Amino acid sequence: MSDFAKLKDELKDKLSKVQNSGDLDIIKTEIFGKSGLINSEFKKLGTLSPDEKKKQASEINIAKQELTKIFNDKIAKLADIEINEAVKKEKVDVTLPEKDFRIGKIHPVSQVIDEISSIFSEIGFSVEEGPDVETEYYNFTALNTPENHPAKDMHDTFYIEENMKTLLRTHTSPVQVRTMLKGKPPFKIIAPGRTYRSDSDQTHTPMFHQLEGLHIDKNITMGHLKGCLNYFIKEFFEVDKIKMRFRPSHFPFTEPSAEVDIGYKIENNKIIIGEGDKWLEILGCGMVHPNVLKNSKVDPNKYQGFAFGIGIDRLAMLKYGINDLRSFFECDYRWLNYYGFDPLDVPTSYRGLSK
Ligand code: PHE
């Protein structure tokens with residue numbers, strides 16, 4: 001028997017006796033490694049005559065195949081054994097006493113976004129998103145906002161670049177244009193998200209949340225807008241009656257434009273929605289300006305519709321009686337524990353939104 005055949009048999013024997021993947025790795029190097037059996041044998045071929053070379057090379061190749069097969073079978077077998085052992089060791093003792101742990105809470109803003117999305121999805125709106133870092137074009141120009149509009153003022157807008165072409169979006173309205181550009185009418189969407197303005201007091205934070213609504217079709221009117229918002233507010237505040245008023249307003253991207261107030265009163269330090277003679281502004285809205293439709297590649301002679309922008313944080317404050325907006329973003333665990341929601345209570349209109 002040649003030295004090679006002897007060595008091969010030895011290694012075959014070793015291979016069959018291996019018990020763990022560590023030892024298998026060692027043998028792998030001895031057989032297939034750079035200076036392992038197979039490679040060393042191939043290196044010897046150079047000194048042989050052509051005939052012997054052929055014969056020997058074929059012998060090495062056959063040996064290599066044989067060893068590879070045994071090696072692969074062994075890997076599979078060891079993996080099986082090792083998994084079975086791990087499973088045996090990692091048994092869970094379900095009779096152990098429970099550990100004390102704290103359940104995380106859903107932030108009121110997330111809760112309110114889920115509630116609003118659930119209400120609008122019931123009447124056929126789907127959810128869209130847009131980027132927080134916007135271009136000047138989508139945030140202002142495409143929305144028919146003239147070059148010298150006060151909203152573009154440095155004090156209001158956070159610009160990211162000195163050339164004032166990139167900014168943190170000041171409202172969710174750019175999602176209107178982005179959505180229309182990527183699809184074909186009709187459109188019926190809502191777009192919740194973060195918005196940014198340089199402002200901070202009890203009811204303003206530099207980052208806040210808005211929810212944009214957009215409904216474009218052939219015959220959509222102010223009447224549809226009114227009906228839609230009336231339905232939404234009743235559902236959201238879980239009341240049967242609501243006092244709502246439209247006040248004429250101005251936005252460059254809607255014509256006509258309105259702001260919507262809801263009626264409320266304060267009784268025993270609690271806000272009661274839908275009664276009383278106080279008014280609170282909660283959203284801006286209007287019929288989408290023909291220039292916005294044109295900029296979004298929608299024909300204003302065929303299509304029209306409404307848009308609205310709701311302040312989400314304000315709605316959360318009102319519904320859940322939270323009186324300082326700044327506390328929303330302080331990340332105080334005690335606050336979240338008090339005002340937060342159970343993660344398993346996903347809001348749905350049919351089951352009750354916030355119960
Ligand atoms: N984008 C406006 C704002 O931030 C709200 C709005 C949205 C008004 C859509 C009209 C239509 O104040």
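Please read these numbers as outputs of a predicted model, since none were measured by experiment. Numbering of ligands and ligand atoms starts at 1, following listing order.
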**Message:** The test is side chain to side chain donor-acceptor pair (under 3.5 Å); show your working for T170 and N139 and say whether it passes.
**Reply:** CA-CA 7 Å; T170 57; N139 197 79; 2.9 Å; yes

**Asked** Which residue and non-hydrogen atom of the protein lie closest to atom 5 (C) of ligand 1, and at what distance in Å?
**Response** G309 CA, 4.0 Å

**Prompt:** In the protein, which heavy atom is nearest to atom 9 (C) of ligand 1, and how far is it?
**Reply:** E212 OE2, 3.3 Å

**Request:** Enumerate the atoms of ligand 1 whose separation from the nearest heavy atom of Q210 is less than 4.0 angstrom.
**Result:** 3 (C), 4 (O)

**Request:** May I ask you to check whether H171 has an N/O atom sitting below 3.5 Å from an N/O atom of ligand 1?
**Result:** yes

**Asked** Is the gap between the ring centers of F237 and Y264 under 6.0 Å?
**Response** no

**Request:** Find all atoms of ligand 1 within a distance of less than 4.0 Å from any non-hydrogen atom belonging to S173, and give their numbers and elements.
**Result:** 1 (N), 7 (C)

**Message:** Does only the side chain of F308 get under 4.0 Å from ligand 1, or the backbone, or both, or neither? Count heavy atoms.
**Reply:** backbone

**Message:** I'd like to know if the side chain of S40 and the backbone of G36 have a donor-acceptor N/O pair within less than 3.5 Å.
**Reply:** yes

**Prompt:** M180 and I216: which non-hydrogen atoms are nearest, and at how many Å?
**Reply:** SD-CG1, 4.1 Å

**Asked** Parallel, tilted or perpendicular for H107 and W335, by the 30°/60° rule?
**Response** tilted

**Message:** For F253, state whether at least one heavy atom is located under 4.0 Å from any atom of ligand 1.
**Reply:** yes

**Prompt:** Is there at least one pair of N or O atoms, one from R197 and one from ligand 1, spaced under 3.5 Å apart?
**Reply:** yes

**Asked** Closest non-hydrogen protein atom to atom 12 (O) of ligand 1, residue and atom name please, with distance?
**Response** F251 CE2, 3.8 Å

**Prompt:** Taking the six-membered ring where the residue is Trp, are the ring centres of F306 and H215 under 6.0 Å apart?
**Reply:** yes

**Asked** When the ring planes of F329 and H209 are compared, do they come out parallel, tilted or perpendicular, using 30° and 60° as the limits?
**Response** tilted

